[in-house]
Undergrad: 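Questions regarding the structure given below will be posed in turn.
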2 protein chains.
Amino acid sequence: MTEPTARPTRAQQRRLTEDRILTAARQLFAELGYDRTTIRAVASAAGVDAGLVMHYFGSKDLLFARATETADDLGEIGPGGATEALLTSLGQRLTDEPEASLAVLRSMLTNADAADRYRTAAQPQLDQLTNAIPAPDAALRASLLSAIIHGVLAERYLLRLTTLADASPDQIITLLRPCFESLTTTPPDHPA
Amino acid sequence: MTEPTARPTRAQQRRLTEDRILTAARQLFAELGYDRTTIRAVASAAGVDAGLVMHYFGSKDLLFARATETADDLGEIGPGGATEALLTSLGQRLTDEPEASLAVLRSMLTNADAADRYRTAAQPQLDQLTNAIPAPDAALRASLLSAIIHGVLAERYLLRLTTLADASPDQIITLLRPCFESLTTTPPDHPA
DNA sequence: GCGTTCATTCTACGGGCGTTGACTGATGGG
DNA sequence: CCCATCAGTCAACGCCCGTAGAATGAACGC
């Protein structure tokens, strides 16, 4: 009987190496942004040669696309449940921010392709959110909510405004709840 | 009598050229961010040689610092007037966003040095805002307000999320007012 | 066992970058 | 009128980047 951990098959090895590369890439893209992240740096962080990264991923752009593939979903949004769905999602992203999400966030701003890719990927979620908001300007409200969430994440993780970086997710969520509520619900009509 | 527009003195000429360079730099930094903006591109947009830009500004970093010098002030904030002060300032920036401000916004999110410089520059305003908020967690509230504003500006001008890019300042401000109010005022106590 | 596939490395290229310093020619003060 | 000053150009540097392709040696199918 062969040791189970003995020698990885070639396919396993390949998958392992690709994963190491992707992990390193996510970390560096998140930390430095697209431009300042070099293939050589990714390779060396993953303990391989730059040529291998090219061989496996084809180009820096493709590596970036693979590294930032992400499927953060809001899940089902019941009617009126938009606020809680958003707060839950935000809470998660404030607790353990996945590197990939940060990489997207940072790189959207420097890489036009990343921005496009993000726009396309985020549209369904934005639509879903829009549908959950009972207001004529639901689409704009949804955009504002998205902007607020990104703003908070950006200042916490990218800009590292200390007050915001040190705050607990609970504090932030408590303060933001009324905000989200006012945007997800139409105020009772009382004209002029 | 000499023609007033005849021949600019050497000092005038210098000032004019520096201005052309700074304008071009602001535009490019805002559009492309720090890394993708090259001195050569700035120079050619200003109609001069790259060497001249170095000669006048010393380095790319210094050029960036000069191009993004900005003094957007909130003005005096009376007690309880924080919401209106913020909305007014936001309204202005939604109407005619100056290039310099966009350059800062884009670059601070993608360049660590720019982020540092911004943090320092913005601290006084953040403090001012903090002092205008009557709550124990005023500092965090101020940070959140700043995050919201930046989030909205970023998605409107940098990411160009269409819904947000097309909306009128008034619409945005109307939707955001309750948000700002909930963050600048402590809700009436009603424990447990 | 053998030939092939494939993970991985090495070397090298062309290009663009920030930056430098020598150069040129107009300007302007004494 | 002359000479120092200064706006502005030009060519070159060293560096690092993304990328290509040949070389190597172990893993694997037959």
Side-chain angles (χ1 to χ4, degrees), chain A residues 2-25 28-29 31-68 107 110-114, chain B residues 2-25 28-29 31-68 107 110-114:
Chain A
T2 60
E3 287 268 339
T5 59
R7 206 162 23 112
T9 160
R10 205 137 67 166
Q12 286 174 327
Q13 184 61 32
R14 159 100 189 215
R15 221 179 118 47
L16 239 59
T17 306
E18 276 194 1
D19 279 355
R20 255 186 303 131
I21 294 173
L22 281 175
T23 304
L28 287 169
F29 280 131
E31 201 171 312
L32 306 173
Y34 182 86
D35 292 305
R36 282 170 132 78
T37 299
T38 69
I39 290 203
R40 282 159 157 87
V42 170
S44 114
V48 298
D49 184 88
L52 192 64
V53 177
M54 292 299 294
H55 192 46
Y56 282 175
F57 296 91
S59 75
K60 184 181 179 181
D61 269 326
L62 290 172
L63 169 66
F64 178 77
R66 288 282 307 277
T68 55
S107 304
T110 51
N111 186 288
D113 290 349
Chain B
T2 61
E3 287 266 337
T5 59
R7 208 165 18 117
T9 161
R10 203 138 69 167
Q12 288 173 326
Q13 185 62 31
R14 159 99 188 215
R15 221 179 118 47
L16 240 58
T17 306
E18 276 194 0
D19 279 356
R20 256 185 302 129
I21 294 173
L22 283 174
T23 304
L28 287 169
F29 280 132
E31 202 172 312
L32 305 172
Y34 183 87
D35 293 306
R36 281 169 131 79
T37 299
T38 70
I39 290 203
R40 283 157 156 85
V42 170
S44 114
V48 299
D49 184 89
L52 191 64
V53 176
M54 293 299 294
H55 192 45
Y56 282 174
F57 296 92
S59 74
K60 184 180 178 180
D61 270 326
L62 291 173
L63 170 65
F64 178 76
R66 288 282 306 278
T68 55
S107 302
T110 53
N111 183 282
D113 291 348

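The analysis underlying the following values was restricted to heavy atoms, covering all of them including side chains, and did not include hydrogens, waters or symmetry mates. Throughout, protein chains are lettered first and strands after them, A, B, ... in sequence-line order, and every chain is numbered starting at 1. Quick caveat, the model's predicted, so the values are computed rather than measured.
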Undergrad: Holding to side chain to side chain donor-acceptor pair (under 3.5 Å), I want the full list of residues that pass it with B:R20, two or more places apart in sequence or in another chain.
TA: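 If we apply the side chain to side chain donor-acceptor pair (under 3.5 Å) test to B:R20, skipping adjacent residues, the hits are B:T17.
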
Undergrad: Mind calculating the distance between CZ (A:R36) and P (C:dG18) to the nearest angstrom?
TA: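 Computing the A:R36:CZ to C:dG18:P distance gives 11 Å.
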
Undergrad: With the criterion being N/O to N/O and under 3.5 Å, what pairs connect the protein with nucleotides 14-16 of chain D, and how long is each?
TA:
none

Undergrad: Would you check if the side chain of A:S44 reaches a backbone N or O of A:G47 as a donor-acceptor pair within less than 3.5 Å?
TA: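 Not confirmed, A:S44 side chain does not pair with A:G47 backbone.
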
Undergrad: Would you say a side-chain N or O of A:Y56 is under 4.0 Å from OP1 or OP2 of C:dC6?
TA: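 No, because none of the side-chain N or O atoms of A:Y56 sits under 4.0 Å from OP1 or OP2 of C:dC6.
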
Undergrad: Rounded to whole angstroms, how far apart are OH on A:Y34 and C1' on D:dC17?
TA: 11 Å

Undergrad: What is the distance, rounded to the nearest whole Å, between atom NZ of B:K60 and atom P of C:dT20?
TA: 15 Å

Undergrad: Over how many whole Å does the gap from B:Q13 atom CD to D:dG8 atom P extend?
TA: 5 Å

Undergrad: Counting only side-chain nitrogens and oxygens, does B:T9 get under 4.0 Å of the OP1 or OP2 atom of C:dG28?
TA: yes

Undergrad: Within this structure, what is the CG-to-P distance between A:L28 and D:dC17, rounded to whole angstrom?
TA: 12 Å

Undergrad: Please report the distance, rounded to the nearest Å, between CD in A:Q12 and P in C:dT8.
TA: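 For the pair A:Q12 CD and C:dT8 P, the rounded distance is 13 Å.
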
Undergrad: DNA chain D: A:T37 or B:R20, which has the more 5' nearest nucleotide?
TA: B:R20

Undergrad: Output every pair passing salt bridge (Lys or Arg N to Asp or Glu O under 4.0 Å) with a member in residues 31-45 of chain A, not counting sequence neighbours, ordered by first then second residue.
TA: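 Qualifying pairs: A:D35-B:R36, A:R36-B:D35.
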
Undergrad: Who are the side-chain contact (heavy atoms from CB on, under 4.5 Å) partners of B:T37, not counting sequence neighbours?
TA: B:L28, B:F29, B:L32, B:V42

Undergrad: In whole Å, what is the span from the CG atom of B:L52 to the P atom of C:dT19?
TA: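 To the nearest whole Å, that distance equals 15 Å.
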
Undergrad: Give me each pair satisfying salt bridge (Lys or Arg N to Asp or Glu O under 4.0 Å) with a member in residues 49-61 of chain A, each pair once, sequence neighbours excluded.
TA: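 Matches after skipping sequence neighbours: none remain.
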
Undergrad: Quick one: on DNA chain D, does B:A50 or B:R14 contact a more 5' nucleotide (nearest heavy atom)?
TA: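 Looking at DNA chain D, the more 5' nearest nucleotide goes with B:R14.
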
Undergrad: Under a 4.0 Å heavy-atom cut-off, which of residues 41-49 of chain B touch DNA chain C?
TA: none

